[in-house]
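Report on the structure given below.
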Amino acid sequence: MQLPTIEDVRAAADRIAGVAVRTPLLRSDALDTAAGGRVFLKAECLQRTGSFKFRGAYNRLAAMDDTQREAGVVAFSSGNHAQGIARAARLLDVRAAIVMPRDAPAMKLARTQADGAEIVLYDRATQSREEIAVALAEERGATLVPSFDDPFIVAGQGTAGLEAAAQLDALGLTADIAIVCCGGGGLSSGISLAMPGIELVLAEPAGWDDAGRSLRSGEIAMVDDPPPTRCDALQTFRIAPLTFAMLRNADARGVAVTETAVERAMRHAFAELKLVVEPGGAAALAAVLGGAVDLCGRTALVTLSGGNVDADQFREILASE
């Protein structure tokens, strides 16, 4: 298995330059006080399509040759990767078909379709999105583009880490620790390349913490009988061999956050930073606010990885305190 390198991340940065948004690095006195350290938030909720997924999607499609682009791509996603692929495909004039769960947030379905992608719906409880996507790609001769199990995707996500490191350096700072929202591990793996040697903590929804459990046991573990979660972007049943190997090399560890903690983090981001952050995108901030990671006297990078939340759900969460 060929793992991506820092050179791949730099190449990705060149491909997405002028296309992806160079998202801001934000902080607040209230958050620093609550955490006991200096916390810098990488606001990928302000990225194109509302999440960091656009970085990897555009890098993957931009790296394809003309023959591959002509044949099109097939992806599978609960929404953020779907939107990233759909937008990248539109910008690069590539046909895209995306396998999405029937219970995906309405906003994510609508935005994916608005960018011209073909949507193939499946039942999350009874069908395998991977099997559907593989069969569809083989039938069409298209390139399969998974959401995290791909070196180009990981390298593209790593550009968020390159940016954050440069933004901190401009302030005369370096981060001691990075707390990263984790589903399949693409973003955290990419950041491990962009910020080598940093202490890396993965934030996952309770009951969906397969990456953390896999890293503790030393072998890939599947999610078993998981509970309902609003963190649809992080509902991954099993981390990939690619990202598992990279996160093991980085000596990463995981923490699990509750639904209550995630909702509190969403309210905090809205009240203190005036940002809309979706449940899965707030998991790392939830770990900080909930005390799952000790940041006393430290400088931390925390990802706000997505902002695609349905309006009704967001109103409910804001009003639930």
Side-chain angles (χ1 to χ4, degrees), residues 3-17 20-27 31-32 35 37-47 51-56 59 148 150-204 211-212 215 239-240 242-255 281 283-285 287-288 292-306:
L3 302 182
T5 68
I6 184 58
E7 294 305 322
D8 295 316
V9 180
R10 291 177 181 138
D14 289 339
R15 289 191 191 97
I16 71 172
V21 174
R22 191 174 189 270
T23 55
L25 201 61
L26 306 175
R27 60 162 302 278
L31 181 55
D32 285 357
R38 304 183 74 174
V39 180
F40 291 87
L41 301 161
K42 187 60 170 163
E44 284 296 294
C45 51
L46 301 178
Q47 184 55 257
S51 88
F52 73 96
K53 293 286 190 177
F54 178 76
R55 295 175 180 272
N59 184 54
F148 51 87
D150 182 290
F152 287 95
I153 293 291
V154 170
Q157 318 307 27
T159 62
L162 275 186
E163 283 181 12
Q167 289 165 319
L168 286 168
D169 184 64
L171 299 172
L173 299 170
T174 57
D176 307 304
I177 183 172
I179 302 97
V180 184
C181 305
C182 182
L187 179 59
S188 47
S189 295
I191 287 177
S192 76
L193 294 176
M195 306 177 79
I198 197 168
E199 182 180 344
L200 188 59
V201 178
L202 319 178
E204 301 175 278
L215 291 167
I239 193 170
L242 173 70
T243 50
F244 177 65
M246 295 182 68
L247 293 171
R248 282 194 74 184
N249 289 345
D251 200 24
R253 63 185 176 90
V255 295
L285 180 57
V288 171
V293 185
D294 182 8
L295 298 183
C296 185
R298 309 185 76 187
T299 300
L301 172 68
V302 176
T303 62
L304 299 176
S305 57

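This chain uses plain numbering: 1 for the first residue, then up along the sequence. In this text, all values refer to a predicted model and were calculated from it rather than measured experimentally.
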Donor-acceptor contact present, side-chain [X] to main-chain [Y], <3.5 Å:
{"X": "Asn59", "Y": "Ile16", "answer": "no"}
{"X": "Ser189", "Y": "Gly185", "answer": "yes"}
{"X": "Gln47", "Y": "Phe52", "answer": "no"}
{"X": "Glu199", "Y": "Ala252", "answer": "no"}
{"X": "Asp14", "Y": "Ala11", "answer": "no"}

Where is the tightest heavy-atom contact between [X] and [Y], given as atom of each residue plus distance?
{"X": "Val154", "Y": "Phe148", "answer": "CG2-O, 3.5 Å"}
{"X": "Gln157", "Y": "Gly186", "answer": "CB-O, 3.8 Å"}
{"X": "Leu46", "Y": "Pro24", "answer": "CD1-CG, 3.8 Å"}
{"X": "Cys181", "Y": "Gly281", "answer": "SG-O, 3.5 Å"}
{"X": "Ser51", "Y": "Gly306", "answer": "CB-CA, 3.9 Å"}
{"X": "Ala164", "Y": "Leu25", "answer": "O-CD2, 4.0 Å"}

Working for side-chain contact (heavy atoms from CB on, under 4.5 Å), residues Leu3 and Asn249: CA-CA 11 Å; Leu3 302 182; Asn249 289 345; 3.6 Å; yes
Hey, what do you get for [atom1] ([X]) to [atom2] ([Y]), rounding to the nearest 0.5 Å?
{"X": "Leu200", "Y": "Ile177", "atom1": "CG", "atom2": "CD1", "answer": "8.5 Å"}
{"X": "Leu26", "Y": "Leu304", "atom1": "CG", "atom2": "CG", "answer": "7.5 Å"}
{"X": "Arg55", "Y": "Leu162", "atom1": "CZ", "atom2": "CG", "answer": "9.0 Å"}
{"X": "Met246", "Y": "Leu242", "atom1": "CE", "atom2": "CG", "answer": "6.0 Å"}
{"X": "Leu41", "Y": "Leu285", "atom1": "CG", "atom2": "CG", "answer": "6.0 Å"}
{"X": "Asp251", "Y": "Ile198", "atom1": "CG", "atom2": "CD1", "answer": "13.0 Å"}

NZ/NE/NH1/NH2 to OD/OE distance under 4.0 Å, Glu163 and Lys42: yes
For residues [X] and [Y], determine if any side-chain heavy atom of one lies less than 4.5 Å from a side-chain heavy atom of the other.
{"X": "Arg27", "Y": "Arg38", "answer": "no"}
{"X": "Leu215", "Y": "Leu202", "answer": "yes"}
{"X": "Ser188", "Y": "Leu247", "answer": "yes"}
{"X": "Ile179", "Y": "Thr303", "answer": "no"}
{"X": "Pro4", "Y": "Leu193", "answer": "yes"}
{"X": "Phe40", "Y": "Thr299", "answer": "yes"}
{"X": "Arg15", "Y": "Phe152", "answer": "yes"}
{"X": "Thr174", "Y": "Asp169", "answer": "no"}

Verdict with supporting geometry, Gln167 and Leu171, side-chain contact (heavy atoms from CB on, under 4.5 Å): CA-CA 7 Å; Gln167 289 165 319; Leu171 299 172; over 6 Å; no
Ser305 versus Glu44, side-chain donor and acceptor atoms under 3.5 Å: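 Glu44 vs Ser305: no donor-acceptor pair found between side chains.
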